Trainee: 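One structure follows; several queries about it will come next.
Order of the sequence lines fixes the chain letters, A, B, ..., with proteins taken first and strands second; residue numbering starts at 1 for each chain. These numbers were taken from a predicted model, which means no experiment stands behind them.
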Amino acid sequence: MYFTTYTMIREALAACTGEQEVDLGDGGDHADLASTIAFRLAKVRKTAPARIAAGIAAELAPSLATHDITVEALGPYINFRFGQRYVAEAVREALAPGYGGLPEKQQKVCIEHTSANPNGPLHVGHIRNSILGDSLARAFAKAGYPLEVQYYVNDMGRQIAIVAWGFDNLGMARNEGEKGDHYVARVYIAANRAIEADPEIKAGIDARMAAIEQGDPETVRRFRTAVELCLGGIKATLADLHIGHDRFMWESDFVRNRHMAGVIQRIALLPEAKNEGTLSVDLSAFGFEKEYVIRRSDGTSVYAARDLAYHEWKAGNFDVNIDVLGADHKLIGAQLQCTLRLLGEQPPEIVHFEFVSLPEGSMSTRAGMFVSADALIEEVTARALEEVTVRRPDLSIEERSAIARSVAVGAIRYDIIRVSPEKSTVFDWKEALNFERQSAPYIQYAHARACSILEKAGGFEPEFAFATGEEIALAKHIALFPRVIAQVVEERRPHLLSVYARECADLFNTFYRYNPVLKSEGATRNSRLTLVRAAQNTLKEALETLGIDALESM
RNA sequence: GGACCUGUGGCUUAGCCAGGAUAUAGCGCCGGGCUUCUAACCCGGAUGCCGGGGGUUCGAAUCCCUCCAGGUCCGCCA
């Protein structure tokens, strides 16, 4: 309803003014939509903006009135207000299952996210990547795109060689009940300490790097065992956070299947290539100071070579490729894009996010300085269970635990997604454990309240007679949901959805406070129940697109 | 030193790319509201030279320049 109404008004304005761009935007408190085109026309026509606005409003009023839209000039602003017909139709649309979904698209989309090195568990910095990527993926799916989500497994880097060395030489046993990723981290940290103490060990690491590149079976087996041990733990953490990947792409596969060799060959033929011991690409013409190294002087490949092969493969298999990467990858990401362009391949789009640090400094797996996602989930779940137990002593421990898990995952996901990715943040336990505020539980609670009303009401005949300010404000906001999904996808900014969902909950709570539903009668009761159903459905769809459970009771 | 990102009430934060009408919310603070559909809620109040300075524009939190502060990167690591 929103899209068709917007388009209709835009076209009416264009026809009336003869302008292509009609400066039509949100009207804030003043209107549902407003145009500021009179300012621009004032210059050309040498007439006061208010006079122009009044003229346009008068001209458009009769035809828009037939669509139940009023036009009014207020000074230089042309304000459009939607009437009952819009509100009724918007609520009707919002009753449908899957509301907010957009028409099916043809372009195949691949979103790569998380892709953390398998040398330890995910920490609270990694999950900013995971949550951003997963929310974006959910939005793309809702917007009708065929989608594949990938995790690129760096299974042959120096870190993994260090882990493999640690397993071979340190004789560290796995603790009782220890997750694989935490065990791998312990070995990795200890191995790094050993290297610091004895630099001679480095030769053993280098030997493993060369062996893995040559595909030495025993080395491959040892690396793979370590990586799979770690990846199993990472997958479990991601599953706890409602995050899944369709495919895990192993870096070493691009070496084994000769894909990387092909890319290196093509790079060597570029005019920008420099083959002087190392193979590198001179990107100085594109503003990069440092050369982009592809192959070491000893003939082994560096990460960049495998990454180029992976992205070349992706370019050939998908129409849109999106990588979610931390700010530390900005330079290499740009170098990768630039080099792919030189090769004539479509480079990926990169969605960057800034760092999450601890109050005592940056996180580092190697130094063992991080707060793991598992620890965060455990703490927040325990805190949520306390809260549920206070509020709902009537429920069984199983029911309370299930609610606590949903609340905890929602709180974590929401806390991370609500902040714009370009802002760096400092992790704060106190804040993470507090959900009496702008949070997922607040939105989940509004949804649960709506469910409770609907359950108590039983059956009803849908009606669409809305009268109070709270009813209309809620209905009009519900109507914006498909637009928000479109925006999230177009701008690759899922945090817009978190803002929208919270606003929906705000408006529902205000409606709830002033508009008794079950105690009203006749058309009012049916209309309000219809609106509650629409709000419940919208909140549910919005929450699920954010990867948060829409609880029916809490 | 260079490149990129950030700076909005005491704290956290939306809006900035596509400039417009009194700058968005939350926490905290002050004052109200549960015999009423779940108070993880609602209502009212105080708190802002939108980092500083210059510029463009009828109009700047938003665009440009500059300075200051914080983060990130600049490896034959990934």
Trainee: Could you measure the distance from the CG atom of A:Asp155 to the CG atom of A:Leu231? Nearest 0.5 Å is fine.
Mentor: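 Rounded to the nearest 0.5 Å, the CG-CG separation comes out at 9.5 Å.
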
Trainee: If the condition is side-chain hydrogen bond (donor to acceptor under 3.5 Å, both in side chains), which residues does A:Arg10 pass it with, not counting sequence neighbours?
Mentor: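 Not a single residue meets the side-chain hydrogen bond (donor to acceptor under 3.5 Å, both in side chains) criterion with A:Arg10.
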
Trainee: Scan every strand shown for a Watson-Crick or G-U wobble partner of B:U62, both distances under 3.5 Å, and answer none if you come up empty.
Mentor: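 Paired with B:U62, as far as the under-3.5 Å criterion goes, is no nucleotide at all.
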
Trainee: Choose from B:A78, B:C73, B:C43 the nucleotide whose nearest atom is closest to any side-chain atom of A:Leu331.
Mentor: B:C73

Trainee: What does B:U57 pair with, Watson-Crick or G-U, if both distances are under 3.5 Å?
Mentor: none

Trainee: At under 4.0 Å, does any side-chain N or O of A:Arg493 touch on OP1 or OP2 of B:C16?
Mentor: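 No, outside the criterion.
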
Trainee: Can you list, by residue number, the residues of residues 353-362 of chain A that have a non-hydrogen atom closer than 4.0 angstrom to RNA chain B?
Mentor: A:Glu354, A:Ser362

Trainee: If the cut-off is 4.0 Å, is A:Ser424 near the phosphate of B:U72, judged by side-chain N/O to OP1 or OP2?
Mentor: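 False: A:Ser424 side-chain N/O out of range (4.0 Å or more) of B:U72 OP1/OP2.
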
Trainee: So which one's nearest nucleotide on RNA chain B is more toward 5', A:Gly157 or A:Leu74?
Mentor: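 So the residue in question is A:Leu74.
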
Trainee: I need the residues from residues 496-503 of chain A with at least one non-hydrogen atom less than 4.0 Å from RNA chain B; give them sorted by number, or say none.
Mentor: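 Residues of residues 496-503 of chain A under 4.0 Å from RNA chain B: A:Leu496, A:Arg502.
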
Trainee: Which base sits across from B:G7 as a Watson-Crick or G-U pair, both distances under 3.5 Å?
Mentor: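 WC or wobble partner is B:C68.
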
Trainee: Would you please confirm or rule out a distance under 4.0 Å between OP1 or OP2 of B:G15 and any side-chain N or O of A:His495?
Mentor: yes

Trainee: Which value, rounded to the nearest 0.5 Å, describes the distance between A:Phe80 atom CZ and A:Ile9 atom CD1?
Mentor: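 One finds 5.5 Å between CZ of A:Phe80 and CD1 of A:Ile9.
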
Trainee: Considering only heavy atoms, which members of residues 284-292 of chain A lie under 4.0 Å from some atom of RNA chain B?
Mentor: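 Those residues are A:Glu289, A:Lys290.
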
Trainee: Should B:G1 form a Watson-Crick or G-U wobble pair with both distances under 3.5 Å, which nucleotide is its partner?
Mentor: B:C74

Trainee: Tell me whether A:Glu552 at atom CD has more than 12 heavy atoms from other residues, nucleotides or ligands lying less than 6.0 Å away.
Mentor: no

Trainee: Can you give each donor-acceptor pair under 3.5 Å made by side-chain atoms of residues 121-132 of chain A, sequence neighbours left out, with the distance rounded to 0.1 Å?
Mentor:
from     : atom 1 : to       : atom 2 : distance (Å)
A:His123 : ND1    : A:Gly125 : N      : 2.9
A:His123 : ND1    : A:His126 : N      : 3.4
A:His126 : ND1    : A:His123 : N      : 3.0
A:Arg128 : NH1    : A:Glu354 : O      : 2.8
A:Arg128 : NH1    : A:Lys423 : O      : 2.8
A:Arg128 : NH2    : A:Ser420 : O      : 3.0
A:Arg128 : NH2    : A:Lys423 : O      : 2.8
A:Asn129 : OD1    : A:Thr114 : N      : 2.8
A:Asn129 : ND2    : A:Val324 : O      : 3.0
A:Ser130 : OG     : A:Thr114 : OG1    : 2.8
A:Ser130 : OG     : A:His126 : O      : 3.3

Trainee: Under 3.5 Å, which N/O atoms of the protein pair with N/O atoms of nucleotides 7-11 of chain B?
Mentor:
from : atom 1 : to       : atom 2 : distance (Å)
B:G7 : OP1    : A:Lys423 : NZ     : 3.2

Trainee: B:C76 phosphate, OP1 or OP2: any side-chain N/O from A:Tyr303 under 4.0 angstrom?
Mentor: no

Trainee: Taking only residues two or more places apart in sequence or in another chain, which ones pass ring-ring contact (aromatic ring centres under 6.0 Å, His included) with A:Phe370?
Mentor: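 A:Phe370 satisfies ring-ring contact (aromatic ring centres under 6.0 Å, His included) with no other residue.
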
Trainee: Return no unless some side-chain N or O of A:Arg40 is found under 4.0 Å from OP1 or OP2 of B:G19.
Mentor: no

Trainee: Heavy-atom contacts under 4.0 Å between residues 19-34 of chain A and RNA chain B, which residues?
Mentor: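 Heavy-atom cutoff 4.0 Å gives A:Gly27, A:Asp29, A:His30, A:Ala34.
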
Trainee: Return all side-chain donor-acceptor pairs below 3.5 angstrom for residues 355-362 of chain A, not counting sequence neighbours, or 'none' if the list is empty.
Mentor:
none

Trainee: Side-chain N or O of A:Ser420 less than 4.0 angstrom from OP1 or OP2 on B:G15?
Mentor: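 Yes.
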
Trainee: What distance, rounded to whole Å, do you find between the two C1' atoms, one in B:A69 and one in B:U57?
Mentor: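 So the two C1' atoms sit 29 Å from each other.
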
Trainee: Partners of A:Ser135 by side-chain hydrogen bond (donor to acceptor under 3.5 Å, both in side chains), sequence neighbours excluded?
Mentor: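 Testing A:Ser135 for side-chain hydrogen bond (donor to acceptor under 3.5 Å, both in side chains), a comparison that skips the adjacent residues, returns A:Arg413.
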
Trainee: Is A:Thr300 close enough to B:C76 that one of its side-chain N or O atoms is under 4.0 Å from OP1 or OP2 there?
Mentor: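 Indeed not, no polar side-chain atom of A:Thr300 lies that close.
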
Trainee: Going by atom types only, do A:Arg295 and A:Thr300 share a side-chain donor-acceptor pair under 3.5 Å?
Mentor: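 No, because no side-chain N or O of A:Arg295 sits under 3.5 Å from a partner of the opposite role on A:Thr300.
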
Trainee: Take atom C1' in B:U6 and the same atom in B:U12, then report the distance between them in whole Å.
Mentor: 15 Å

Trainee: Give a yes-or-no answer on whether the side chains of A:Ser284 and A:Glu289 include a donor-acceptor pair shorter than 3.5 Å.
Mentor: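 Side chains of A:Ser284 and A:Glu289: no pair found under 3.5 Å.
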
Trainee: Under the side-chain hydrogen bond (donor to acceptor under 3.5 Å, both in side chains) rule, collect the residues that match up with A:Arg483, sequence neighbours excluded.
Mentor: A:Tyr2, A:Asp26

Trainee: Does any residue of residues 449-461 of chain A have a heavy atom under 4.0 Å from RNA chain B, and if so, which ones, in number order?
Mentor: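 Of all residues in residues 449-461 of chain A, the ones placing a heavy atom under 4.0 Å from RNA chain B are A:Arg449, A:Ser452, A:Ile453, A:Lys456.
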
